[in-house]
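So the structure is just underneath, and the comments pick up after that.
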There are 2 protein chains.
Amino acid sequence: MGLIESRILADHVYEAIKLMIQDGALKPGAKINKKELESLLGVSQTPINGALSRLAGQRYIEQRKRRGYYVRVYSCKELVDLFAARGAVESMATRLAVETATDAEVEQLTLFFSDVQFPLSDEAYRAYEKTDREFHSALIRYSGNTMIQQMNEEFGYIVRAATKGLIRPPEETIGEHRAIIAAIRERDAKLAAQLMTEHHLRSRNVLVENCQD
Amino acid sequence: MGLIESRILADHVYEAIKLMIQDGALKPGAKINKKELESLLGVSQTPINGALSRLAGQRYIEQRKRRGYYVRVYSCKELVDLFAARGAVESMATRLAVETATDAEVEQLTLFFSDVQFPLSDEAYRAYEKTDREFHSALIRYSGNTMIQQMNEEFGYIVRAATKGLIRPPEETIGEHRAIIAAIRERDAKLAAQLMTEHHLRSRNVLVENCQD
DNA sequence: ATTTACTATATTGTATACAAGATTGCTGTT
DNA sequence: AACAGCAATCTTGTATACAATATAGTAAAT
């Protein structure tokens with residue numbers, strides 16, 4: 001199955017390193033050892049360099065002259081900034097989704113938080129987080145905006161890493177989610193987008209308060 | 001002045017190619033000839049490859065297996081999508097700028113369109129375009145959001161290329177600009193952001209109408 | 001016991017070599 | 001003239017070599 005063969009070595013190296021960064025095997029600030037990667041992945045310097053340059057272009061890692069590549073460290077301020085930007089983009093996605101999604105898709109969205117009952121068990125709590133993520137990415141999908149989808153894929157993992165353990169309790173957010181869904185159902189794009197912006201800005205404030213630097 | 005020496009060759013190659021793309025010397029869809037670049041820039045394959053991989057990471061160019069690198073072509077739909085995303089981000093920048101800019105900075109913003117008098121001469125027309133760009137980038141600067149600034153730098157040239165010759169007439173936009181400035185002066189972040197969103201969405205529609213594909 | 005100076009080692013940035021795969025151009029055939 | 005087939009050429013992806021620089025380690029001096 002020539003599928004694997006249809007990609008060059010640097011692509012595989014790229015994916016491998018990206019995964020190591022995303023799942024924490026390579027922590028922020030860590031130095032990337034090319035020699036190690038060579039023997040780990042069984043390729044020469046050349047594809048490693050290609051992959052590292054590509055990752056540097058996407059700012060997953062950064063290159064310090066004559067000192068190697070390091071996993072990019074985001075300052076707390078940068079994370080907050082990223083969060084604001086992402087909120088803006090997702091708010092636009094909401095607006096576009098309301099304008100262009102089919103009725104069936106809108107129905108799908110309304111189902112997301114329909115059966116949440118308080119108080120939540122530990123399991124239901126984790127399920128809520130997952131539903132939250134799925135709701136947001138469904139909106140982005142239904143927006144039909146490929147550029148926003150791309151941005152979301154590129155920055156999503158950073159935001160997820162940043163907000164780990166810093167999310168607001170479901171008791172607080174469920175109302176906002178339902179208000180957004182209600183606006184979507186009413187096909188009120190402007191209102192839905194505005195509610196989404198405020199939803200994100202409130203979450204952003206939780207991040208701000210946890211910044212020490 | 002070791003400043004130039006403080007950067008590696010691939011950095012220079014990167015800048016050189018990026019400039020060629022941005023000023024149109026390398027047109028969308030054009031194939032990038034490594035050999036030519038080698039002799040043009042007087043370096044070997046290696047730094048060229050590094051620069052090309054970095055540019056591929058940023059999606060300035062794309063790599064087709066065993067067929068080389070090509071300057072990325074944006075479809076009309078993608079440009080429209082990008083425009084929407086950028087509008088969202090700039091709207092957020094506006095909101096943040098209103099919340100955090102100093103009074104002096106707000107005064108600076110109010111000056112931007114203060115002396116526009118119709119009808120415009122050819123020269124004044126071009127000046128208006130420039131003022132427009134400066135106004136938008138000042139807002140982004142005053143937002144203090146480094147991530148948004150970064151996105152703007154990365155995508156700005158594409159948007160500019162896309163909208164070349166497709167901007168709405170000053171007669172149509174001056175009112176929107178002034179309304180935004182008025183909201184900023186009133187320190188009404190929400191209103192300013194909303195006006196900015198609509199300003200961009202209206203411009204986006206001009207793009208949509210000029211899409212053939 | 002720190003700090004300093006020097007040496008050995010590892011890593012980086014760069015160039016180059018080369019096989020496998022694409023492209024171009026030529027030839028002869030219909 | 002249009003086209004298929006093939007040969008020559010060019011380009012890519014990969015590996016490797018090597019000098020310059022950074023890092024780590026060791027010995028000497030305070």
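The sequence lines fix the lettering, A, B, ..., with proteins before strands; numbering per chain opens at 1. For the numbers below, each heavy atom of this structure counts, side chains included, while hydrogens, waters and symmetry mates do not.
- Here A:Arg67 lies in heavy-atom contact (under 4.0 Å) with sugar-phosphate atoms only.
- A straight line from OH of A:Tyr69 to P of C:dT12 spans 9 Å, rounded to a whole angstrom.
- Side chains of A:Ser53 and B:Ser53: no donor on one and acceptor on the other come within 3.5 Å.
- Both tests do not hold together for A:Arg72 against A:Tyr70: distance to the six-membered ring centre under 6.0 Å, angle to the ring axis within 45°.
- A:Asn49 places its CG atom 17 Å from the P atom of C:dT16, with the value rounded to the nearest Å.
- Distance CZ (A:Arg66) to C1' (C:dT12): 4 Å, rounded to an integer number of Å.
- Atoms NZ (A:Lys31) and C1' (C:dT11) sit 6 Å apart, rounded to a whole Å.
- B:Glu107 is not listed as a side-chain neighbour of B:Asp103, based on a closest heavy-atom distance of 4.5 Å or more.
- At a threshold of 4.0 angstrom between heavy atoms, the contacts of A:Gly68 are confined to the sugar-phosphate backbone, with no base atom among them.
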Candidate pair A:Phe112 and A:His177, rule ring pair (Phe, Tyr, Trp, His ring centres under 6.0 Å), full reasoning
CA-CA 9 Å; A:Phe112 268 103; A:His177 281 140; 9.6 Å; no
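- Listed pair B:Gln63 / D:dG13 meets the phosphate criterion, a side-chain N or O lying under 4.0 Å from OP1 or OP2.
- The nearest whole Å value for the distance from the OH atom in B:Tyr70 to the P atom in D:dT11 is 11 Å.
- Note that A:Arg204 lies outside the cation-pi zone of A:Phe83, set by a 6.0 Å cut-off to the ring centre and a 45° limit from the axis.
- For D:dT14, the OP1/OP2 oxygens have no side-chain nitrogen or oxygen of A:Thr46 closer than 4.0 Å.
- Phosphate contact (OP1/OP2 of C:dT11, side-chain N/O of A:Asn33, threshold under 4.0 Å): present.
- Regarding A:Ile32, its CD1 atom lies at a distance of 21 Å from the P atom of C:dA10, rounded to whole Å.
- Residue-level contact check: B:Glu38 touches neither bases nor backbone, having no heavy atom under 4.0 Å from any strand.
- As a whole-Å value, the separation of B:Lys35 NZ from C:dA15 P is 15 Å.
- Nucleotide D:dT14 holds its C1' atom 10 Å from the CD atom of B:Gln45, rounded to whole Å.
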